[in-house]
Amino acid sequence: MTDHSAAGPVTRTTIDRAVGVLIALRGCSPEDAFSELAAHSFRFDVSLVQSARSIVAAARGMDSDNGVDCAAMMSAQEEWGPLLADRRDPFDHVA
């Protein structure tokens with residue numbers, strides 16, 4: 001018998017991180033951020049987990065070579081790329 005119990009918390013953590021990224025980008029409520037994530041998943045026909053992984057990876061400056069589905073990554077860049085590009089790195093002034 002295979003133990004899948006660890007998959008739940010990891011998936012939930014990924015979704016929570018994605019919601020946090022959207023809250024930071026949009027200044028919205030957790031409910032609105034989750035709704036946006038779910039809408040992205042539906043609109044681009046990728047799983048909720050892949051949507052979550054893609055925005056977290058995009059926020060970290062990662063690409064699809066880092067375990068994120070290529071279609072999800074491209075849709076995240078299309079959906080949130082301008083918001084991510086506009087974010088200011090709080091450490092860009094540190095030498």
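Heads up: numbering here begins at 1 and tracks the sequence. Everything numeric in this text was worked out from a predicted model, so none of it was measured.
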Q: With sequence neighbours excluded, tell me which residues meet salt bridge (charged side-chain N to carboxylate O under 4.0 Å, His left out) with D16.
A: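 R12.
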Q. For R17, what residues pass the salt bridge (charged side-chain N to carboxylate O under 4.0 Å, His left out) criterion, not counting sequence neighbours?
A.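 Expected list: none.
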Which side-chain N or O atoms in residues 20-27 pair as donor and acceptor under 3.5 Å with protein atoms at least two apart or in another chain?
| from | atom 1 | to | atom 2 | distance (Å) |
| --- | --- | --- | --- | --- |
| R26 | NE | E36 | OE1 | 3.0 |
| R26 | NE | E36 | OE2 | 3.2 |
| R26 | NH2 | E36 | OE2 | 2.9 |

[X] to [Y] - nearest heavy-atom pair and separation:
X	Y	answer
V19	P30	CG1-O, 3.9 Å
A52	I15	CB-CA, 3.9 Å
S51	V46	OG-CG2, 3.2 Å

Q. Can you name the side chain to side chain donor-acceptor pair (under 3.5 Å) partners of S75, sequence neighbours left out?
A. H40
Q | Given E79, M73, M74, the one that forms side-chain contact (heavy atoms from CB on, under 4.5 Å) with Q77 | A | M73
**Q.** Set of residues satisfying side-chain contact (heavy atoms from CB on, under 4.5 Å) with respect to S47, sequence neighbours excluded
**A.**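 side-chain contact (heavy atoms from CB on, under 4.5 Å) check on S47 returns V49, Q50.
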Q: Mind checking side-chain contact (heavy atoms from CB on, under 4.5 Å) for A76 and listing every partner two or more places apart, or none if nothing turns up?
A: S54, W80
Q.
Same cluster or not: F44 versus L83, using hydrophobic residues (I, L, V, M, F, W, Y) connected whenever any side-chain heavy atoms lie under 4.5 Å apart?
A.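 Each belongs to a different hydrophobic cluster.
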